[in-house]
K.L.:
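Would you mind keeping the following structure in view while I ask a few things?
Numbering of residues begins at 1 and proceeds along the displayed sequence. Hydrogens, waters and symmetry mates are skipped; everything else that's a heavy atom, side chains included, is used. Note that the structure is predicted; figures quoted are calculated from it, not measured.
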Amino acid sequence: MESADQTNALSENPAGRAHIIEDDLSGLSLTQIFDRMEKLINSKDGGADFKQFAKLREEASRIIHDETEDKKQEMAASGTGEEDFAYEHPAKAKLSGLSNIYREKQDEFHKQQDQEQAKNLETRQSVIERLKNLYTQSEVGTNFFREIREIKEAWSNAGQVPKSEFKLLNNNYFHHLNQFYQMLDMNKEYLEQEYAHNLEKREHIIARARELENEPSVQKALNELQYLHKLWKEEAEPVAEEFREKTWQVFKEISNKVHERRTELSSQIEGEQNANLEKKNSIIDQIKKLVNPEKDPNHNYWQNAIKQVEELRTEFLKTGSVPRKISNQNWNDFKQVLRTFNNKKNDFYKGLKNSQQHNLDEKLKLIETARQHMNTEDWETAIPLFKKLQEDWKKIGHVPRSMTNKVWDEFRNSCNVFFENYRAKNDAGGDNWKENYKKKKALLDDLSEVTDAEGSVEKIEQIKNSWNSIGKVPREKLSINTDFNRILREKMKLNKIHDYELKEEGLSENQVTDKARKIKNQIADLEAEIVKLENNLGFFHNPSPDNPLLKDTFKKIEEKKSQLESMKQSLHHMITGE
């Protein structure tokens, strides 16, 4: 019996290390799972915990799959077909990366383990040789008690050996150990010393086992009891026959009492799980209340609700496990209430989208009316008409953001054509439109020849300011304005400057207002891009510019922030008239 126990200790867990694998991981969030995976990767012997890593990887894959399916249903609810669904979960790449790193870690662990086992094999063979020499070639006066203590300690500390070797090796060791004890039968004094020493070991183990009966942590008590049994088998054998069964029965009874505390551990875990269940059910109820508000929800309500649900979702995932028999039902209830919330939110914004589409249709009608009358010279009828069109435009609500600037530019251009014609009619006697056209044509030619050489930006600004100071051109020549704006954009792109950086003079109040509005829209779009990039960094644990994968992202964020600051300064100077 002793030899078989020693065999098990040698081959499976020589260091006495217990790997406790948690079966229920359903309460962990992706971030918590990734943290545990990284801890395993970074631990000294993380390659040995492949079962735990596999469970974590499987749970992370399940969460990614569920969230992808939820996203798919959300897209379907918004009208997107499955063939158009293209969504890559942001955590998928990180999971793949962690798995690859751990695979390398595990390969390194096995390689190191093979080397250590080969070295341990040599050590144990030398210990056996030393043991053999102790009873076959010992010199007169050898202290057998000290020698056997050192040999047994060296054997205990020698570490794990290859599975293909340990059985024969272990049997060989105990064969020579028994031979040694038979030799000791001829020397009762040494044998009694050995028995006394082992008995003292047993008494220490029994004393420590008694303390475990009152250990506050039941799990710690069970783990240490397992270790004490290992010491009993490996270091407390043999003892005198009259103490052998007696001490074993005492140790066995104490062990049974400690094992009985498993029910205490189960009750403690059950209490914690029931508390977690109550907390998770409360979170589900809070989300249900957000799904069905007392008053009709508006845009602000849903924006606040989205933030609250995200906080509740995080809290739900941080909360520990619940009783296994209702774990799946609780998780399904949580996913269902989230799905219901998303559907209600999507329905609201779908209705809002329909309302914006209706507003867009109404504004398009006003644009069409303005186009039909922008070249009329029936001033008495047209002036009240255009004033009413402008008033009606203000009364219509929001349109889809992608169309806001487009429809406004079209409507404003039609109104500007009408009112410029009206002013031109009154000022025609004082304006030399043909001469103005010649001046603008010359400026257009000058602008076309601009390159990206030094001083080109200043030349562009000079041409633009001169253009702003020139009056109207004949109606049939109005296309020159479109040509000028097109070439101006090309030259600014060539010289890598933005329109908000262009220093313009001679702008009318309306022109300043229009340019300020465009810069405000550009600022809003740029801020949204920065927020999106920073949110993407949040999917990584401790993101740093030193990480090669994130280096370009940090650089892009800094560039966009610098551009944003320049745009804000330009807007400030424009508003203050500096």
Side-chain angles (χ1 to χ4, degrees), residues 29-31 63 66-81 84-85 87 89-91 278-319 330-363 392-408 517 520-539:
S29 65
L30 265 179
T31 301
I63 293 176
D66 287 350
E67 292 184 356
T68 302
E69 287 299 312
D70 289 344
K71 190 71 176 181
K72 186 175 182 180
Q73 292 184 14
E74 181 180 340
M75 295 295 289
S78 65
T80 302
D84 297 326
F85 178 76
Y87 173 74
H89 196 286
E278 183 177 350
K279 183 176 182 180
K280 288 188 173 183
N281 284 336
S282 173
I283 291 174
I284 292 173
D285 290 339
Q286 292 179 63
I287 298 177
K288 286 180 178 178
K289 290 180 181 179
L290 293 173
V291 173
N292 300 301
E294 296 179 357
K295 299 180 180 179
D296 290 337
N298 54 20
H299 170 71
N300 289 335
Y301 172 83
W302 283 112
Q303 290 302 304
N304 291 329
I306 290 171
K307 294 179 182 178
Q308 292 181 52
V309 168
E310 184 58 32
E311 292 174 357
L312 291 171
R313 179 179 179 278
T314 301
E315 188 64 25
F316 186 94
L317 296 176
K318 286 197 314 185
T319 305
N330 180 253
W331 177 248
N332 290 333
D333 290 345
F334 176 64
K335 289 200 300 182
Q336 181 59 45
V337 74
L338 283 181
R339 191 174 293 114
T340 302
F341 174 83
N342 287 327
N343 290 338
K344 288 288 286 287
K345 175 200 66 177
N346 292 338
D347 289 343
F348 170 81
Y349 282 104
K350 190 181 296 182
L352 184 62
K353 183 178 180 181
N354 293 336
S355 174
Q356 291 180 344
Q357 183 61 43
H358 174 74
N359 294 339
L360 176 60
D361 293 339
E362 292 298 314
K363 287 193 173 184
D392 291 344
W393 184 277
K394 295 178 182 178
K395 294 178 183 177
I396 299 175
H398 294 288
V399 301
R401 185 174 181 180
S402 60
M403 296 294 293
T404 300
N405 291 337
K406 184 176 184 299
V407 294
W408 167 245
R517 179 182 59 80
K520 286 182 180 179
N521 290 336
Q522 292 172 350
I523 288 175
D525 292 339
L526 192 56
E527 287 176 336
E529 290 181 31
I530 293 172
V531 170
K532 183 178 179 180
L533 290 172
E534 290 178 337
N535 286 342
N536 290 341
L537 292 177
F539 291 113

K.L.:
Is it the case that the side chains of Asp70 and Asn342 hold a donor-acceptor pair, with the cut-off being a distance below 3.5 Å and no angle test?
P.N.:
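On atom types as modelled, these side chains do not qualify, holding no pair under 3.5 Å.
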
K.L.:
Hey, what do you get for NZ (Lys520) to CD1 (Ile523), rounding to the nearest 0.5 Å?
P.N.:
9.0 Å

K.L.:
Mind checking the CD-CE spacing from Gln357 to Met403? Nearest 0.5 Å is all I need.
P.N.:
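Rounded to the nearest 0.5 Å, the CD-CE separation comes to 8.5 Å.
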
K.L.:
Considering non-hydrogen atoms only, spot the tightest contact between Lys344 and Val291 and give its length.
P.N.:
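Closest approach of Lys344 to Val291, heavy atoms only: NZ-O, 3.0 Å.
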
K.L.:
Do Leu30 and Glu67 have side chains that get closer than 4.5 Å, going by heavy atoms?
P.N.:
yes

K.L.:
Would you call Gln336 and Asp333 a side-chain contact if the rule is heavy atoms closer than 4.5 Å?
P.N.:
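Gln336 does not reach Asp333 side chain to side chain.
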
K.L.:
For Glu278, is there any backbone N or O sitting under 3.5 Å from a side-chain donor or acceptor partner on Ser282?
P.N.:
no

K.L.:
How long is the span from the NZ atom in Lys395 to the CG atom in Asn359, to the nearest 0.5 Å?
P.N.:
14.5 Å

K.L.:
What heavy-atom pair brings Ile283 and Leu312 nearest, and what distance separates the two atoms?
P.N.:
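Between these two residues, the closest heavy atoms are CG2-O, 3.7 Å.
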
K.L.:
Using the salt bridge (charged side-chain N to carboxylate O under 4.0 Å, His left out) rule, take Lys280 and Glu315 through it: C-alpha gap first, then chi angles, then the decisive distance, then the call.
P.N.:
CA-CA 9 Å; Lys280 288 188 173 183; Glu315 188 64 25; over 6 Å; no

K.L.:
Report the distance from atom CD of Glu69 to atom NE2 of His89, rounding to the nearest 0.5 Å.
P.N.:
11.5 Å

K.L.:
So how far is it from Arg313 CZ to Lys318 NZ, rounded to the nearest 0.5 Å?
P.N.:
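Output value for this atom pair is 13.0 Å.
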
K.L.:
With a 4.5 Å limit on heavy-atom distance, are the side chains of Thr404 and Asn521 in contact?
P.N.:
no

K.L.:
Between Ile287 and Phe334, what is the shortest heavy-atom contact and its length?
P.N.:
CD1-CE1, 4.1 Å

K.L.:
Angle between ring planes, Phe316 versus Trp331, binned at 30° and 60°: parallel, tilted or perpendicular?
P.N.:
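Rings of Phe316 and Trp331: tilted, as their planes differ by 30° to 60°.
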
K.L.:
Tell me, do Asn292 and Phe341 make a side-chain contact under 4.5 Å, heavy atoms counted?
P.N.:
no

K.L.:
How far apart are the C-alpha atoms of Ile284 and Asn330, what are their side-chain angles, what is the distance that settles it, and do they pass the side-chain contact (heavy atoms from CB on, under 4.5 Å) test?
P.N.:
CA-CA 9 Å; Ile284 292 173; Asn330 180 253; 4.0 Å; yes

K.L.:
With a 3.5 Å distance limit and no angle check, can you tell me whether Tyr301 reaches the backbone of Leu290 through a side-chain donor-acceptor pair?
P.N.:
yes

K.L.:
State whether the number of non-hydrogen atoms from other residues, nucleotides or ligands found under 6.0 Å of Lys289 atom NZ is greater than 12.
P.N.:
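Not buried by this count: 12 neighbours or fewer within 6.0 Å.
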
